[in-house]
Amino acid sequence: MTERLGRRAVLSGSTFEEQIGYARAVVDGDWVHVSGTTGFDYATMTISPDVVEQAEQCLRNIAAALAEAGSGFADVVRVRYLLPERADFEPCWPVLRRCFGEVRPAATMQVCGLADPRMRIEIEVTARRPAG
């Protein structure tokens, strides 16, 4: 984590963060803003071709960022799902429901191009850290 101007940046070690110039997450007061996160395994910089496996890895990556920020899935208030193919969304629902089914954050799904053709889903979340 790096700190600047009262904000803390949470870095995952992804080469994209350095190459593009962003943080996996930014903690600003009670808020945690997690960047759009794809299914890359940052330790190996590999990605599965399967959309459900990518969704699972996205959520592992997000969970790690939230934990480092002092938060978790229970604190998520907003989630955005970005997919190049609309048909890929429904197969991911069971994976997404495991993390967000009880939390019920506000959510949006958008069909759009992603930065790398291997990416089949990208997930962005905003969380509010628990008091204390």
To the nearest 0.5 Å, atom CD of Glu122 lies from atom CZ of Arg80 at 11.5 Å

Inset, instruction - Establish whether Trp93 and Val52 are linked, either directly or via other cluster members, by ILVMFWY side-chain heavy-atom contacts under 4.5 Å. - result: yes

Sorted by chain and residue number, the side-chain hydrogen bond (donor to acceptor under 3.5 Å, both in side chains) partners of Ser71 (sequence neighbours excluded) come out as Asp75

### Query
How about Thr38 and Asp116: do any of their side-chain heavy atoms sit closer than 4.5 Å?
no

Distance-only check: which donor-acceptor pairs under 3.5 Å involve side-chain atoms of residues 102-110, not counting sequence neighbours?
unit_1	atom_1	unit_2	atom_2	d
Arg104	NE	Gly101	O	2.8
Thr108	OG1	Arg78	NH1	3.2
Thr108	OG1	Arg78	NH2	2.9

Taken in chain and number order and not counting sequence neighbours, the residues that satisfy ring pair (Phe, Tyr, Trp, His ring centres under 6.0 Å) with Tyr42 are none

Sorted by chain and residue number, the side-chain hydrogen bond (donor to acceptor under 3.5 Å, both in side chains) partners of Ser12 (sequence neighbours excluded) come out as Glu17

Here the salt bridge (Lys or Arg N to Asp or Glu O under 4.0 Å) pairs for residues 29-53, sequence neighbours left out, are Asp30-Arg128

For Trp31, the hydrophobic cluster (side chain heavy atoms closer than 4.5 Å, chained through members) also holds Val77

Are Met119 and Leu83 grouped together when hydrophobic residues (ILVMFWY) are joined by side-chain heavy atoms under 4.5 angstrom apart? no

Residue set satisfying side chain to side chain contact (heavy atoms under 4.5 Å, CB included) with Ala55, at least two apart, ordered chain then number -> Cys92, Val95, Ile121

Taken to the nearest 0.5 Å, the spacing of Ser35 OG from Ile123 CD1 works out to 13.5 Å

Separation between CG (Asp28) and OG1 (Thr126), nearest 0.5 Å, reads 11.5 Å

Between the CZ atom in Phe73 and the CG atom in Leu96, the distance rounded to the nearest 0.5 Å is 9.5 Å

Any side-chain to backbone donor/acceptor pair from Gln54 onto Arg118? Under 3.5 Å, distance only. yes

Under 30°, 30 to 60°, or over 60°: which ring-plane class applies to Phe40 and Phe16, parallel, tilted or perpendicular?
-> perpendicular

Sequence neighbours excluded, the answer for side chain to side chain contact (heavy atoms under 4.5 Å, CB included) partners of Ala23 is Ala9, Leu11, Val26

Sorted by chain and number, sequence neighbours left out, salt bridge (Lys or Arg N to Asp or Glu O under 4.0 Å) with Arg129 holds for none

Residues 86-101 vs salt bridge (Lys or Arg N to Asp or Glu O under 4.0 Å), sequence neighbours excluded, gives Glu56-Arg98, Asp88-Arg120

- Query: After noting the C-alpha distance and the side-chain angles of Leu66 and Val76, does the key distance pass the side chain to side chain contact (heavy atoms under 4.5 Å, CB included) rule?
  - Reply: CA-CA 9 Å; Leu66 288 171; Val76 172; 4.0 Å; yes

With sequence neighbours left out, the residues meeting side-chain hydrogen bond (donor to acceptor under 3.5 Å, both in side chains) with Gln57 are Arg60, Asn61

Applying side-chain hydrogen bond (donor to acceptor under 3.5 Å, both in side chains) to Thr15 and not counting sequence neighbours gives none

Exercise. In terms of hydrophobic clustering (I, L, V, M, F, W, Y; side-chain heavy atoms under 4.5 Å; direct or indirect links), are Phe89 and Val111 co-clustered?
Worked result: yes

dist Ser14:OG -> Tyr22:OH (nearest 0.5 Å) comes out at 4.5 Å

